[in-house]
Amino acid sequence: MTDDWVSLFSGGKDSSWALYRALEEGLNVSRLLTVHPDGDSYMYHVPETRLARLAAESVGIELVEVEPESFDADDAVDSGEQGDAELEPMEAALRELQAELELAGVTAGAVESEFQTNRIQQMCDRLGIDLFAPLWQEDPRELADAMLDAGFEIRIIQVAAHGLDESWLGRTLDADALTELEELNDEYGVHILGEGGEFETLVTDGPHMSRPIELEYETKWEGTRGRIRVTDARLGER
């Protein structure tokens, strides 16, 4: 039996790049796993995770969806305990998959967050599986350029950082946007890849996808942060 890999997947650029790189490396990714947080989260990408279904259809890999109860992240007192608790439904889902797959490991899109990466690695150790994290501690600009050079189409769907205003919502993360983000990094410290939730993304097309995701949306702005609210989404034609 071929060893199976599960891609921890939100539809955002980082998890999508980890999936793409795994496929390029010849790993047999047989499942995508998406956790749908109810409210804020310390461990997971939150906005528009339902669009992972369209992405999975376009990629052609079966999607497993996890529906945890609210993590009550806003009321968390101890971030470490909160992170551990939020990981439990994902780990339970992976244990179920171990019963039906020859599970070799998981892919993850972590770049700089030791908080998240250490917990995912510890989970893998408990499960006796490997972790493939191709973005870990790579240069942010080089990673962003690699994604664009590969043909990723990336949309910004949420912002929460000084210097990022409503005009960024729905914007394509292209070379011009990256140049502006470098300037905002110099001025405000905005991370070029949005680490720490400064901005969140959705990959609407890429070389690993058979059809692009087409969106209709509204923007919702609240003082210093905002997000898009998708009103319609579908797979387009090549």
Glu91/Arg119 salt bridge by N-O under 4.0 Å criterion: no

In short, Ile120 meets Ala108 closest at the heavy-atom pair CD1-CB, 4.2 Å

Pair Glu183-Glu187, side-chain contact (heavy atoms from CB on, under 4.5 Å): steps then yes or no
CA-CA 6 Å; Glu183 294 170 355; Glu187 186 172 357; over 6 Å; no

What's the verdict on side-chain contact (heavy atoms from CB on, under 4.5 Å) for Val106 and Leu94, showing C-alpha distance, side-chain angles and the deciding distance?
CA-CA 9 Å; Val106 300; Leu94 288 170; 3.9 Å; yes

For this session: Using modelled atom types only, decide if a donor and an acceptor are shared between the side chain of Arg211 and the backbone of Ser58 within a distance under 3.5 Å.
Result: no

So CG of Leu215 and CD1 of Ile157: to nearest 0.5 Å the spacing works out to 8.5 Å

>> Applying side-chain contact (heavy atoms from CB on, under 4.5 Å) to Asn28 and Asp3, what does each step give before you reach the verdict?
In response: CA-CA 7 Å; Asn28 180 41; Asp3 287 344; over 6 Å; no

Can you check whether Gly223's main-chain N or O pairs, donor with acceptor, with Trp221's side chain at less than 3.5 Å? yes

Discussion item. Whether Glu100 and Arg95 form a salt bridge (side-chain N of Lys/Arg under 4.0 Å from carboxylate O of Asp/Glu) is what I want to check.
Written reply: no

Quick test of your reading of the model: are Glu180 and Arg171 salt-bridged, counting only N-O distances below 4.0 Å?
yes

- Message: I want to check something: taking the side chain as every heavy atom from C-beta on, are Phe132 and Leu27 in contact at a cut-off of under 4.5 Å?
- Response: yes

- Query: Do the side chains of Leu101 and Val66 join up, straight or via other hydrophobic residues, at under 4.5 Å, putting them in one cluster?
  - Reply: yes

Does this structure show an ion pair linking Glu222 with Lys220, if we count only N-O contacts that are shorter than 4.0 Å?
yes

So the ring-ring contact (aromatic ring centres under 6.0 Å, His included) pairs with at least one residue in residues 140-161 (sequence neighbours excluded) are Trp17-Phe152, Tyr20-Phe152, Phe152-His208

Heavy atoms of Leu131 and Cys124 approach each other most closely as CB-SG, 4.0 Å

Do Trp136 and Trp5 share a hydrophobic cluster (ILVMFWY, side-chain heavy atoms under 4.5 Å, transitive)? no

Flag, side chain of Asn185 to backbone of Ile192, donor-acceptor distance under 3.5 Å:
no

Nearest heavy-atom contact between Gly170 and Ile228 is N-CG2, 3.8 Å

Exam field: side chain Thr204 to backbone Ile154, donor-acceptor pair closer than 3.5 Å = no

inquiry  = Measuring only between side-chain heavy atoms, which start at C-beta, is Arg155 closer than 4.5 Å to Tyr217?
reply    = yes

Note: Asp14 and Gly109 closest approach over all heavy atoms is CB-O, 3.2 Å

Here the gap from Arg21 atom CZ to Leu135 atom CG, rounded to the nearest 0.5 Å, amounts to 8.0 Å

Asp205 meets the side chain to side chain donor-acceptor pair (under 3.5 Å) criterion, sequence neighbours left out, with Arg238

dist Met90:CE -> Thr34:OG1 (nearest 0.5 Å) comes out at 9.0 Å

inquiry  = Regarding Glu216 and Arg234, does a basic nitrogen lie under 4.0 Å from an acidic carboxylate oxygen?
reply    = yes

Just wondering, do Leu127 and Leu103 contact through their side chains at under 4.5 Å, heavy atoms? no

Practice item. Say whether, by atom type as modelled, one donor and one acceptor occur between the side chain of Glu112 and the main chain of Glu195 under 3.5 angstrom. Key: no

Rounded to the nearest 0.5 angstrom, the CG-CZ distance for Leu164 and Phe199 is 7.5 Å

Q. Hey, does Met147 have a side-chain heavy atom less than 4.5 Å from the side chain of Asp149?
A. no

Tightest non-hydrogen contact, residues Glu138 and Pro134, listed as CG-O, 3.6 Å

Q: Walk me through it: do Ser16 and Phe9 pass the test side-chain contact (heavy atoms from CB on, under 4.5 Å)?
A: CA-CA 7 Å; Ser16 296; Phe9 186 74; 3.5 Å; yes

Legend entry - Trp168 side chain reached by Leu184 side chain, heavy atoms, under 4.5 Å: yes

Ion pair Arg229/Glu48, N-O distance below 4.0 Å
no

message: Could you tell me if the side chain of Leu178 sits less than 4.5 Å from the side chain of Asp145, heavy atoms only?
response: yes

#### Entry: Residue pair Arg225, Glu200: steps toward the salt bridge (Lys or Arg N to Asp or Glu O under 4.0 Å) verdict
CA-CA 12 Å; Arg225 59 187 297 165; Glu200 303 283 3; over 6 Å; no

**Q.** Expected output: side-chain Thr172 to main-chain Asp174 donor-acceptor under 3.5 Å
**A.** no

Distance col, row Leu33:CG vs Leu63:CG, nearest 0.5 angstrom, shows 7.5 Å

Practice task
For Ser15 and Ser10, test the side chains for any donor-to-acceptor distance below 3.5 angstrom and give the result as yes or no.
Solution key: yes

Task: Whether Thr201 side chain and Lys13 backbone form a donor-acceptor pair below 3.5 Å - done: yes

Scanning both residues in full, the closest heavy-atom pair of Met209 with Ala55 reads CE-CA, 4.5 Å

query = Just wondering, do Ile61 and Leu19 contact through their side chains at under 4.5 Å, heavy atoms?
reply = yes

Does a side-chain heavy-atom distance below 4.5 Å link Glu198 with Val159?
no

Taken in chain and number order and not counting sequence neighbours, the residues that satisfy side chain to side chain donor-acceptor pair (under 3.5 Å) with Asn118 are none

dist Met123:CE -> Leu8:CG (nearest 0.5 Å) comes out at 5.5 Å

